[in-house]
Amino acid sequence: NERIDETHDPELAIDRAMGDKASEAISLVNIGVYFYDKGDMRTAQKYYNDAYDIKIKLNDKKGIANLLCNLSLVYSKSGDKKKAEKSLIEALSIAIESKLLKQQSKVYKHLSELHEESDMGKAFLYFKKFSEIKDSLFNAETAKQFSDMERKHANEKMENEINLLTKEKELNITEKKKNKLWMIFISSMLVLMAAIAVVILFGYRSKQKANRQIMQQKDQIEEINKEVFASMRYAKRIQDALLKEEEHVSKHLPEHFVFY
């Protein structure tokens, strides 16, 4: 049997090896459905019963109710209507006790179908219960959907507002950074211009000072030149006077010399 199980669902062997009872029960149900669809009610019942035993140990009320419904289908297909009804009544009791509306709806539907040929009155009453619970589930589901939509809308609205505030904050930060960069740039340019102005002013003053020094030196040179030229003119006058004196002496005294 173990090899047959693994052939139809390799995951079953893994579930058993891992000791995962919940997953093992799911695998057993899947194999049971496989054999039910093939028309092998005996093998399908075996796997459903194995899964049912695990659900009992796990105290999984929902799983127990669902498996009782599955077993009722097997009993019904096998021609045992009483056993099918007994399984459904047991499933209904568990579903009502555990307030499992979907399972109650499922059981009432199966009970209605089970009594369609034998007792139309019961079939109608069970179908009416099925419809009432179905409508209740539909209303609850609709209300839940509206609630989910409202919550989703509120979340989206809040998210949009947060995104908007975040973008505004980012824009403010960007604008502040931009203004700060402009201030740094302008300050840098002002410092640079001030430095250039200082350099130009220093150069201008240095040039003025150099020009004054040059003019002073020029004046000094011109003054020296004047003194030199004056001395030269004075010396020339003396020389000219001596030469004239010598010519005069030479005229009257041919043979003579002048000692300075």
Side-chain angles (χ1 to χ4, degrees), residues 1-138 140-141:
N1 283 342
E2 199 165 312
R3 273 186 283 176
I4 294 172
D5 295 343
E6 293 175 14
T7 301
H8 291 291
D9 191 347
E11 291 184 5
L12 182 60
I14 298 172
D15 296 333
R16 285 173 173 169
M18 297 291 292
D20 187 347
K21 290 296 181 181
S23 296
E24 182 183 347
I26 293 171
S27 297
L28 288 168
V29 171
N30 290 335
I31 297 171
V33 171
Y34 169 77
F35 282 108
Y36 178 86
D37 290 340
K38 285 186 69 175
D40 187 349
M41 298 299 129
R42 185 177 177 181
T43 307
Q45 182 181 342
K46 173 195 176 299
Y47 284 105
Y48 286 156
N49 282 330
D50 289 345
Y52 177 81
D53 291 339
I54 293 174
K55 293 294 183 180
I56 290 290
K57 290 177 182 178
L58 295 175
N59 196 29
D60 181 357
K61 300 295 185 181
K62 182 178 177 182
I64 293 169
N66 285 331
L67 276 164
L68 285 169
C69 287
N70 288 359
L71 285 167
S72 75
L73 292 174
V74 171
Y75 298 143
S76 181
K77 286 278 186 180
S78 301
D80 195 342
K81 302 290 183 181
K82 287 185 178 180
K83 205 169 184 179
E85 185 176 11
K86 184 181 177 181
S87 292
L88 288 172
I89 295 299
E90 187 181 351
L92 182 61
S93 175
I94 293 169
I96 291 172
E97 181 186 351
S98 302
K99 298 180 180 179
L100 302 169
L101 289 178
K102 286 185 178 180
Q103 278 63 42
Q104 290 178 42
S105 174
K106 185 178 180 180
V107 172
Y108 281 126
K109 184 174 183 292
H110 287 325
L111 282 169
S112 176
E113 291 171 351
L114 185 65
H115 289 285
E116 276 180 354
E117 295 180 3
S118 60
D119 191 340
M120 285 301 296
K122 277 189 176 181
F124 176 75
L125 288 174
Y126 285 133
F127 184 80
K128 187 179 178 182
K129 287 282 187 181
F130 161 71
S131 298
E132 288 173 357
I133 295 174
K134 186 180 178 182
D135 291 341
S136 176
L137 285 170
F138 176 77
E141 186 65 27

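Sequential numbering from 1 along the given sequence is applied to the chain's residues.
Evaluation of the side chain to side chain donor-acceptor pair (under 3.5 Å) rule for Glu85 yields His115 as partners, not counting sequence neighbours. For Glu132, there are no salt bridge (Lys or Arg N to Asp or Glu O under 4.0 Å) partners, not counting sequence neighbours.
Heavy atoms only, all atoms of each residue included: Ile94 and Lys61 are closest at CG2-O, 3.7 Å. Of all the heavy atoms in Ala51 and Ala25, the pair that sits closest is CB-O, 3.7 Å. The shortest heavy-atom contact between Ala44 and Gly32 is CB-O, 3.3 Å. For the pair Ala123 and Ser112, the tightest heavy-atom approach, listed with the atom from each and the gap, is O-OG, 2.9 Å. Nearest heavy atom pair, residue Val74 against residue Met41, reads CG1-O, 3.6 Å.
Lys57 and Asp53 are not joined by a salt bridge, as no carboxylate oxygen comes within less than 4.0 angstrom of a charged side-chain nitrogen.
The NZ atom of Lys106 sits 10.0 Å away from atom NZ of Lys109, with the distance rounded to the nearest 0.5 Å. Rounding to the nearest 0.5 Å places NZ of Lys99 at 10.5 Å from CD of Glu97. Rounding to the nearest 0.5 Å gives a distance of 12.0 Å between CG of Leu68 and NZ of Lys55. In this structure, Phe130 CZ and His110 NE2 are separated by 10.0 Å, a value rounded to the nearest 0.5 Å. With rounding to the nearest 0.5 Å, the separation of CG in Leu125 from CG in Leu111 is 11.0 Å. A distance of 11.0 Å separates OH in Tyr48 from SG in Cys69, rounded to the nearest 0.5 Å.
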### Task
Show your reasoning for whether side chain to side chain contact (heavy atoms under 4.5 Å, CB included) applies to Ile64 and Tyr52.
CA-CA 6 Å; Ile64 293 169; Tyr52 177 81; 3.6 Å; yes
### Task
Could you walk me through whether Glu90 and Lys86 pass salt bridge (charged side-chain N to carboxylate O under 4.0 Å, His left out), step by step?
CA-CA 6 Å; Glu90 187 181 351; Lys86 184 181 177 181; over 6 Å; no
### Message
Between Asn30 and Val33, does the side chain to side chain contact (heavy atoms under 4.5 Å, CB included) criterion hold? Intermediate values first, please.
### Response
CA-CA 5 Å; Asn30 290 335; Val33 171; 5.5 Å; no
### Message
Run Leu137 and Ser105 through side chain to side chain contact (heavy atoms under 4.5 Å, CB included) and show every step you take.
### Response
CA-CA 9 Å; Leu137 285 170; Ser105 174; 4.1 Å; yes
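Residues Tyr47 and Tyr34 have side chains not in contact (no heavy-atom distance under 4.5 Å, counting atoms from C-beta outward). Looking at heavy atoms from C-beta onward, Asn49 lies out of side-chain contact with Leu28 at the 4.5 angstrom threshold.
Just one of Asp15, Asp20, Asp50 meets the side chain to side chain donor-acceptor pair (under 3.5 Å) condition when paired with Ser27; it is Asp15. Here the options are Ile133, Leu88, Asn66, the test is side chain to side chain contact (heavy atoms under 4.5 Å, CB included), and the partner is Val107; only Leu88 passes.
Here the side chain of Gln103 pairs no donor or acceptor atom with the backbone of Lys62 at under 3.5 angstrom.
Side-chain rings of Phe124 and Phe127 stay apart, their centers remaining 6.0 Å or farther from each other.
Sequence neighbours left out, the pairs with a member in residues 73-82 that pass side-chain hydrogen bond (donor to acceptor under 3.5 Å, both in side chains) are Ser76-Lys81.
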